Amino acid sequence: MNKFKENAFKSVTYIASLFTILFLFGIIASIFLEGLPLFNFVKIKDFIFNTAWHPTHDPPDFGILSLIIGSLYVTLGALIIALPLGLGSAIYISEIASPRGREILKPIIELLAGIPSVVYGLFGMTFLSPMMIKVFGIPTGLNVFSASIILGIMVVPIISSLSEDALSTVPKNLREASFALGANKWETIIKVVVPASKSGILSSVMLGFGRAVGETMVILMVAGGAAQIPSNIFQPVRPMPATIAAEMGETVIGSPHFHALFGIAIVLFLITFLSILITEFFINRKKSQ
Amino acid sequence: MKTLIIFLFIFLILVSCSTGKVKIKIAGSTTVLPIVQAAAEEYMLKHPDINISIRGGGSSIGILSAINKIIDIGNASRKVSSSELDITKENSQDLIETEIALDAISIIIHPDNTVDELNLDQLQDIYSGKIKNWKELGGPDFKIVVVSRDTPSGSFAVFNEIVLIKERVTSEALMLASNNAVATNISYTPGAIGYVGIGYVNDKLKLLKINGIYPSKRSVKKNKYVLTRKLYMYTSETSKGLAQDFIDFILSERGQQIVEEQGYIRIK
């Protein structure tokens, strides 16, 4: 009987994991199946390197360079904002805070991750954006900078909690050795603990990148939606996920526009896939050390 | 804990049973949305056994969902396009079109802007990116922030047809997802210009004369205001019964009053 139970449990978990893989491959296959027919209408080179995106114009333009660059600008901006905040709070929680302070701080930062993205978007649209116009005197508040700030806040808990994990796994004897050599707490953190957990911190940044590059709702609401290559950070952009979300509903299934949106999905998928590969690489390298 | 979960579960089942009312599903143009919401509230008061669910999404979503029979009524602020009819041939034969109201695409700017009037050519130059500063139009020295609706919008389609004609909308234009987003954005952006359904114009926005004429009940009815359009509801033969009754309500005297209360212009 026990043996039966064990086998049953084994097969249930096995089937569960099989399904996950099945879903993954199903999604990948459908993206490529619907995306690749685009290249009967547009050359790959023109799709990637052309900056004009006018999918409903007659004749349409399907160039996504400005969308790719929009995505990268916003994502890099988010990381620039999130890295110091996330890493800083991770160092404070792991190295400096009292156990009580840690118990309070950690869940609060993790709470940030629990706020739905549409709420962040609403905040950006109705509060941050008007403030931007007043503070900086810029023409519009829906721009790269606003989107980066909001996305950055969303990425902070990812970088913070994963970096904190990495910092806390640094062996105690490394720290003690550093103190024994006469280093103070600050020197120990910056020169010993942080370098020792470098790969963990890097992988947290890459995961944050993956989160930010795929985030849709905030981008749709705050980035402005202008398909252009911005000349400064106060100009609106139209990142890839926002384009797919905004336009998918109106496309006629099987039209070039429909395939083009799946084409964007392929590019987006490849970018996040690459970021996950890099993350895995860092984690594996850490393990083999 | 376990009993609580079971209790909740039973509660949910009961709730879902009790709301097993007859349902009318409506989606589409955010321009038509205020009319439908107000009309649906009254209609549901009169018919407590009927539940009307309403979503936005844009005219294209309204029309396509009506053709594909995902919903009962698809709202649109433009006519169904020939390509939509072509690709969905088998399904679209029994599509029924009803005109429910008139609307004027209203051109709005920030109240601090001193410009009062534009003509269609100027509007085209602004939206295609040829005019970039209000100074060139006799206004203050502000950069023009062009605000457009996103591509699924019926307003976008109608606006492009009348104003832009063959030009492309400038790539610097902000593309926003709803009438409300446009109105809110313009109310706090000094250099902005945008377009919304006339029902969305409020006192935080400044309405512009186009070719010398303000959008108003009279100018729209007499077809003098150039950016006038009809608002439609699309149904299919199969979803007729109840949906048709709701549309009849909107076309009734009371329904058309609601149309006017929401700031649009009656069709009858």
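Not measured: the values here are computed from a predicted model.
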### Choice from Thr189(B), Leu176(B), Val146(B) maximising heavy atom contacts with chain A below 4.5 Å
Thr189(B)
Minimal non-hydrogen separation, [X] against [Y], with atom names:
| X | Y | value |
| --- | --- | --- |
| Ala226(A) | Ala173(B) | CB-O, 3.0 Å |
| Ser171(B) | Gln228(A) | O-CB, 3.5 Å |
| Gly225(A) | Met175(B) | O-CG, 2.9 Å |
| Asp150(B) | Arg238(A) | OD1-NH2, 2.8 Å |
| Ile133(A) | Pro190(B) | CG2-CD, 3.8 Å |

Enclosure of [X] [atom1] (heavy-atom neighbours >12, cutoff 6.0 Å):
| X | atom1 | answer |
| --- | --- | --- |
| Arg168(B) | CZ | yes |
| Lys143(B) | NZ | yes |
| Phe39(A) | CZ | yes |
| Gln37(B) | CD | yes |
| Lys204(B) | NZ | no |

Give, as side chain, backbone, both or neither, the part of [X] having an atom under 4.5 angstrom from any heavy atom of chain A.
| X | value |
| --- | --- |
| Ala157(B) | neither |
| Asn185(B) | side chain |
| Phe142(B) | neither |

#### Entry: Leading residue by heavy atom contact count with chain B [cutoff under 4.5 Å; candidates Ser129(A), Gly141(A), Ala52(A)]
Ser129(A)
#### Entry: Residue selection (most heavy-atom pairs with chain B, distance under 4.5 Å) from Thr51(A), Val237(A), Ile229(A), Asp61(A)
Asp61(A)
### Interchain contact, Leu142(A) with chain B, by part (heavy-atom threshold 4.5 Å)
both
### Task
Counting only heavy atoms closer than 4.5 Å, note whether Asn143(A) contacts chain B via side chain, backbone, both or neither.
neither
### Query
Can you tell me how far OH of Tyr188(B) sits from CE of Met132(A), rounded to the nearest 0.5 angstrom?
11.0 Å
### Message
Within this structure, what is the CG-CD distance for the pair Leu174(B) and Gln235(A), rounded to the nearest 0.5 Å?
### Response
10.5 Å
